[in-house]
Amino acid sequence: MNQDDKKRAAAERAISLLPKDAFIGVGTGSTVNYFIDALAKIKNDIRGAVATSPDSKERLLKVGIPVVSPTDAGRLPVYVDGADQINHVLQMIKGGGGALLSEKLIANWSEQFICIADDSKFVSRFTHPLPVEVIPFARSIVAQTLVKMGAQPQWRMNFKTEHSHEILDVSGLNLDEPIRMENTLNDIIGVMENGLFAKRPADVLVLANDRDTEIITLTSVQS
Ligand code: 5RP
């Protein structure tokens with residue numbers, strides 16, 4: 001299986017884990033696009049979706065799935081999203097697509113977070129550049145603060161998030177204590193959010209490899 005086949009396999013397997021007659025939180029990215037394709041086939045079994053990006057919203061509407069606001073949906077039973085990397089305790093780096101602020105908001109608004117991923121994303125140490133979302137006015141101040149911390153921030157040029165913020169893709173941070181770093185970065189004035197999803201990890205990982213899909217739960221890795 002190539003990487004796209006694995007993304008599709010993980011996305012399709014996640015369908016079997018969804019509750020009936022509920023609103024579903026839907027993330028953003030190429031793996032989620034496969035999930036939306038699969039969701040379209042069972043759309044009568046769900047009430048609708050909360051989308052974390054304009055792109056996902058457009059795709060959901062195109063296949064006939066109603067999209068509602070977080071306020072209208074209320075607390076969500078489940079949120080499904082991909083990741084740039086995910087570790088063995090289901091903490092993630094996200095934000096490759098720049099939707100991290102809405103994604104973290106909806107992840108925290110959901111009872112259960114199901115991450116769908118191919119096996120290239122499953123790592124023992126994070127190596128992916130970490131997206132840090134900043135207000136434009138603060139970009140260079142935050143970048144200089146990050147350099148003082150020993151990191152190398154790279155401005156994602158010609159990119160604005162849905163919330164009119166900018167992104168710094170940051171390499172060189174020590175990510176061995178993800179919860180501590182998630183808090184440290186969010187304490188920098190001007191940072192709106194960062195792509196470490198450690199305080200709120202996934203509850204379930206649907207991981208596709210060359211042969212099949214595996215379901216890993218947070219409770220099983222913690223015991
Ligand atoms: C978007 C994200 C995505 O989930 C992440 O970038 C993975 O994307 P893909 O499924 O295309 O590999 O966090 O902000």
Side-chain angles (χ1 to χ4, degrees), residues 1-15 24-39 49-60 70 76 78-87 90-110 112-123 126-134 154-156 158-171 175 178 181-182 185-186 191-209 213:
M1 279 207 273
N2 65 29
Q3 193 181 18
D4 277 323
D5 293 334
K6 292 181 197 176
K7 288 179 180 188
R8 188 185 301 105
E12 289 176 353
R13 180 84 188 270
I15 295 290
I24 309 295
V26 176
T28 297
S30 56
T31 316
V32 164
N33 291 345
Y34 288 120
F35 176 71
I36 294 172
D37 292 344
L39 202 57
V50 173
T52 54
S53 65
D55 189 39
S56 291
K57 179 178 179 180
E58 190 183 320
R59 283 172 182 272
L60 285 158
L76 296 165
V78 64
Y79 174 60
V80 181
D81 200 357
D84 296 305
Q85 286 187 327
I86 181 162
N87 70 16
L90 310 195
Q91 298 166 324
M92 293 156 284
I93 287 185
K94 292 186 42 55
L100 61 151
L101 179 53
S102 296
E103 291 174 343
K104 201 176 276 192
L105 185 70
I106 301 306
N108 278 284
W109 187 234
S110 304
Q112 188 186 47
F113 185 152
I114 300 176
C115 179
I116 48 178
D118 66 86
D119 54 2
S120 71
K121 308 280 184 69
F122 197 39
V123 296
F126 291 131
T127 53
H128 195 278
L130 181 67
V132 175
E133 182 163 345
V134 298
Q154 178 86 41
W155 177 31
R156 206 180 286 184
N158 302 320
F159 182 84
K160 278 260 164 63
T161 72
E162 179 192 358
H163 306 289
S164 303
H165 301 140
E166 298 185 4
I167 301 263
L168 297 168
D169 290 301
V170 185
S171 306
L175 302 180
M181 186 54 76
E182 184 176 356
L185 293 173
N186 283 355
V191 170
M192 296 310 298
E193 197 41 85
N194 73 83
L196 275 170
F197 283 53
K199 288 192 283 182
R200 201 286 178 247
D203 301 290
V204 177
L205 167 61
V206 183
L207 188 67
N209 60 37
T213 53

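Start at 1 and go down the list; that is how both ligands and their atoms are numbered. Every heavy atom of this structure was used, including side-chain atoms; hydrogens, water molecules and symmetry mates were not. The structure displayed is predicted, hence computed values, not measured ones.
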If I compare all heavy atoms of Ser102 with all of Glu162, which pair ends up nearest, and what's the gap?
OG-OE1, 3.3 Å

Salt bridge check: are Lys104 and Glu133 linked by an N-O gap of less than 4.0 Å?
no

Which atoms of ligand 1 have any heavy atom of Thr28 under 4.0 Å away?
1 (C), 2 (C), 3 (C), 4 (O)

Tell me whether Ala99 has any N or O atom under 3.5 angstrom from an N or O of ligand 1.
yes

Which of these, Ala83, Gly29, Gly97, has its nearest heavy atom closest to atom 7 (C) of ligand 1?
Ala83

With atoms numbered from 1 as shown, which atoms in ligand 1 lie under 4.0 angstrom from a non-hydrogen atom of Asp81?
4 (O)

Can you name the atoms of ligand 1, numbered from 1 with element, that are less than 4.0 Å from a heavy atom of Gly95?
2 (C), 13 (O), 14 (O)

Are side-chain N/O atoms of Gln85 and His128 paired as donor and acceptor at under 3.5 Å?
no

Does a donor on one side chain and an acceptor on the other come within less than 3.5 Å for Glu193 and Asn186?
yes

So is Gly98 in contact with ligand 1, going by heavy-atom distances below 4.0 Å?
yes

Among all protein heavy atoms, pick out the one at the shortest distance from atom 11 (O) of ligand 1; state its residue, atom name and that distance to 0.1 Å.
Ser30 OG, 2.5 Å

Please write down residue, atom name and distance for the protein heavy atom closest to atom 5 (C) of ligand 1.
Asp84 OD1, 3.2 Å

What's the shortest distance from atom 1 (C) of ligand 1 to any protein heavy atom, and which residue and atom give it?
Glu103 OE2, 3.2 Å

